[in-house]
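Here is the structure we will look at.
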Amino acid sequence: MVVSVRSWVANEGGKHLVLMLWLGANTWLFLKTFLLYSTGQQYHYLYKMLGLGLCISRASASVLNLNCSLVLLPMCRSLLTFVRGTHMVSSRETRRLLDKSKTFHVACGVSICIFSVVHVSAHLANVVNFSVSYSEDFPALNLARYRGEDPKLIILTTIPGVTGVLLVLILFLMFTSSSYCVRLSNYEIFWYTHNLFIVFYIILMVHMVGGALKYQTNLEGHPPGCLGANQSSTEQQDEGEDEERRCGEEAHFQPHYPQTWLWVSGPLCLYCAERFYRYIRSSDPVTIVTVIRHPCDVIELRMLKKHFKARPGQYIVLNCPGVSSFENHPFTLTTCPTENKETFGVHLRVVGDWTERFTQLLLPEPRIDLEILPMVQQRRYPKLYVDGPFGSPSEEVFNYDVSVCVAGGIGVTPFACVLHALLDGWTGFRLQRLYFVWVCRELKSFYWFAELLCALHHKLWQENRPDYFNLKLYVSQTDNLQSMSEEKYRPLTSRLLVGRPRWNLLFDEIGKTNKHKRVGVFCCGPKGISKTLHRLCNSARSSGTTFEFNKESFS
């Protein structure tokens, strides 16, 4: 498959540019700090004692300061949602870069772990050199109290050493618990350990207080390398030369003023303010209006909340204290509030411990031992808190002339809200044609939004716009396959295909119909489908059509 330069630039150019800028900033900062400590006159005696360990430890520390400040910014979800929803970001390419915030967060986190290993290794070498190369000429420069002091004792009796051990321990817990298997099997472990970042940043700002590394302050009065009165005459070569190199005063050393807080205090305050805003916004529980059980273990939840506004494609985060006070789970909105309808809703599939316990609270099993009374009892729903809405790639569906929405199973939820918006007659968007492809294993899954699809089909036919909405349904499981026999679902039956989509032929067809246009491709489904579509979007097309790939990913 031939890669198109134009398509590659459209899909990969922006994020690779940001990646190169980020790598360039890290490299420049590392080299600049390395050269400063290796050639700087103020570090002459310290470099002579510690060697390359000094340069590597300080250079890696600079990179750590940069990434510890950047890693917080992608997690300011409300801020990113506000920015992409205003006219401050008018470029579609810029908004698509904002959707990569989670990837950037992970990249910064990985770099923090890598350079922490480099930083710790270099400082271990420094501690050994402080002990072995103890300077008798400049006692103030030493971290060790005497020559040959145990390096482990130096680490455990100094502020930089103790705080460094704590930082390594916290970072190890955060890194290991962030793995996919831990988050999937026990989310609370991930939640608890990841919130140790507050303790991490506090200790990080205290880390430099001990002043382990010192620089010379009187370079004019004591040029580095000059001969002091206490130095032996065996080092002297010539009487006249000795007078020229004789020191005017003793060398004075001073620890560096802590600078880490200058890097991290701004992003940290911004993140804390954003989290406080989200806490206030989500402090009132929502009113659960209806709960509907759909086929294939899918629950539809309709809610009501004052002053709640959202755009199609956005998602919310649910927290149910009755299940877990700390677990927060994202779900895409399938219905948004409108002028005539204040309720909003989500569809969630019962997969995993949290959704199973939440469903049991929403739809408890009837108790046989209770006497059936001839009266209707009001159903009591659990207390539920909603945070959001937050922006997602699916918001961009309306910003293309032609969009292709590809859903796999319950991945249809981001596009259900888009279909509701078209049905409700939303205006002011750019979209002229929508291709909707939905792949499911079981036929029953299509009943989740069957009525919505049929209603939209009838509406567009009545408005004489049958080509506006191109629908394709694929059912991959052929065992005991039955058709949607109901008369009201006839528009879906004619568009139902058995097997898996032939993506290459489908893209060729869309490309020929929309020559020389930019088509937005939106995917929410299994990784196999996502990788295939991503590869096809970067491939060359004879029609000249450019496909821009957008993947739904909750952050």
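Residue numbers run from 1 in the order of the sequence given. Everything quoted here is computed from the prediction, not taken from an experiment.
- A side-chain donor-acceptor contact under 3.5 Å links E274 to the backbone of S78.
- Under the 4.0 Å criterion applied to side-chain N and carboxylate O atoms, R96 and E396 are not assigned as salt-bridge partners.
- A distance-only check finds no donor-acceptor pair linking the side chain of N142 to the backbone of A144 [under 3.5 Å].
- Residues N328 and L318 fail the side-chain proximity criterion, which asks for heavy atoms closer than 4.5 Å.
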key: N26/N67 under side chain to side chain donor-acceptor pair (under 3.5 Å): CA gap, chis, key distance, verdict   = CA-CA 8 Å; N26 282 275; N67 287 281; 2.7 Å; yes

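- Residues Q254 and T217 share a closest heavy-atom pair of CB-CG2, 3.6 Å.
- In this structure, NE2 in H534 is found 10.5 Å from SG in C523, a value given to the nearest 0.5 Å.
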query = Do I155 and V165 pass the side-chain contact (heavy atoms from CB on, under 4.5 Å) test, and can you show the C-alpha distance, the side-chain angles, and the key distance before you say yes or no?
reply = CA-CA 8 Å; I155 294 174; V165 172; 4.0 Å; yes

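- In this structure, Q259 places its CD atom where only 12 or fewer heavy-atom neighbours from other residues, nucleotides or ligands lie under 6.0 Å away.
- Residues I316 and F308 are in side-chain contact: their nearest non-hydrogen atoms beyond the backbone lie under 4.5 Å apart.
- N11 places a side-chain N or O within donor-acceptor distance of the main-chain N or O of F547, the cut-off being under 3.5 Å.
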key: Check against side chain to side chain donor-acceptor pair (under 3.5 Å), S177 and H194   = CA-CA 8 Å; S177 65; H194 227 63; 4.9 Å; no

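- The backbone N or O of N218 sits nowhere less than 3.5 Å from a side-chain atom of H222 that would complete a donor-acceptor pair.
- A heavy-atom distance below 4.5 Å is found between the side chains of F34 and L52.
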task = Show your working on side-chain contact (heavy atoms from CB on, under 4.5 Å) between H207 and T260 and close with a plain yes or no.
result = CA-CA 9 Å; H207 184 54; T260 301; over 6 Å; no

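- The two atoms that bring W22 and A107 nearest to each other are CH2-O, 3.7 Å, heavy atoms only.
- One N or O on the side chain of S283 and one on the backbone of I280 form a donor-acceptor pair closer than 3.5 Å.
- The backbone N or O of R58 lies less than 3.5 Å from a partner atom in the side chain of S62, making a donor-acceptor pair.
- A donor-acceptor contact shorter than 3.5 Å links the side chain of Y201 to the backbone of C68.
- Within the 3.5 Å criterion, the main-chain N or O of S133 finds no donor-acceptor partner in the side chain of R147.
- For F197 and Y271, the ring centers are positioned less than 6.0 Å apart.
- Between P393 and N550, the closest heavy-atom pair is CB-CB, 4.2 Å.
- The distance from atom CZ of R77 to atom OH of Y315, rounded to the nearest 0.5 Å, is 4.5 Å.
- Between the CG atom of N65 and the OG atom of S60 there is a distance of 9.5 Å, given to the nearest 0.5 Å.
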message = Could you go through F522 and F415, starting from their C-alpha distance and side-chain angles, then the distance that decides it, and tell me whether this counts as ring-ring contact (aromatic ring centres under 6.0 Å, His included)?
response = CA-CA 9 Å; F522 299 84; F415 312 123; 7.1 Å; no

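- Closest approach of Y45 to P223, counting heavy atoms only: OH-O, 4.1 Å.
- With values rounded to the nearest 0.5 angstrom, L66 atom CG is found 7.5 Å from C108 atom SG.
- With values rounded to the nearest 0.5 angstrom, S135 atom OG is found 6.0 Å from L141 atom CG.
- Distance alone, capped at 3.5 Å, is enough to place a donor-acceptor pair between the N319 side chain and the S325 backbone.
- For the pair K383 and C320, the tightest heavy-atom approach, listed with the atom from each and the gap, is O-SG, 3.6 Å.
- Annotation: side chain of K309 is not in contact with side chain of Q314 (no heavy-atom distance under 4.5 Å).
- L46 CG to L54 CG: the interatomic distance, rounded to the nearest 0.5 Å, is 4.5 Å.
- Shortest non-hydrogen contact noted between P321 and Y385 is CG-CE1, 3.5 Å.
- Both tests hold for R281 against F390: distance to the six-membered ring centre under 6.0 Å, angle to the ring axis within 45°.
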request  = Before giving the answer on side-chain contact (heavy atoms from CB on, under 4.5 Å), spell out for L97 and F104 the whole-Å C-alpha distance, their side-chain angles and the decisive distance to 0.1 Å.
outcome  = CA-CA 10 Å; L97 283 178; F104 186 69; over 6 Å; no

query = Could you go step by step and tell me if R6 and T546 meet the side chain to side chain donor-acceptor pair (under 3.5 Å) rule?
reply = CA-CA 7 Å; R6 181 182 176 185; T546 302; 3.1 Å; yes

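- Atom NZ of K15 is surrounded by more than 12 heavy atoms from other residues, nucleotides or ligands within 6.0 Å.
- The closest side-chain heavy-atom distance from M205 to L268 is below 4.5 Å.
- Side-chain contact check for V519 versus Y400: every heavy-atom pair is 4.5 Å or farther apart.
- Between S57 and Y37 the shortest side-chain heavy-atom distance does not fall below 4.5 Å.
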message = For a side-chain contact (heavy atoms from CB on, under 4.5 Å) check, start with the C-alpha distance between N195 and W191, then their side-chain angles and the critical distance, and finish with the verdict.
response = CA-CA 6 Å; N195 276 276; W191 172 259; 3.3 Å; yes

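- At least one donor-acceptor pair closer than 3.5 Å links the side chain of S179 to the backbone N or O of T176.
- Side-chain contact check for L153 versus E149: some heavy-atom pair is nearer than 4.5 Å.
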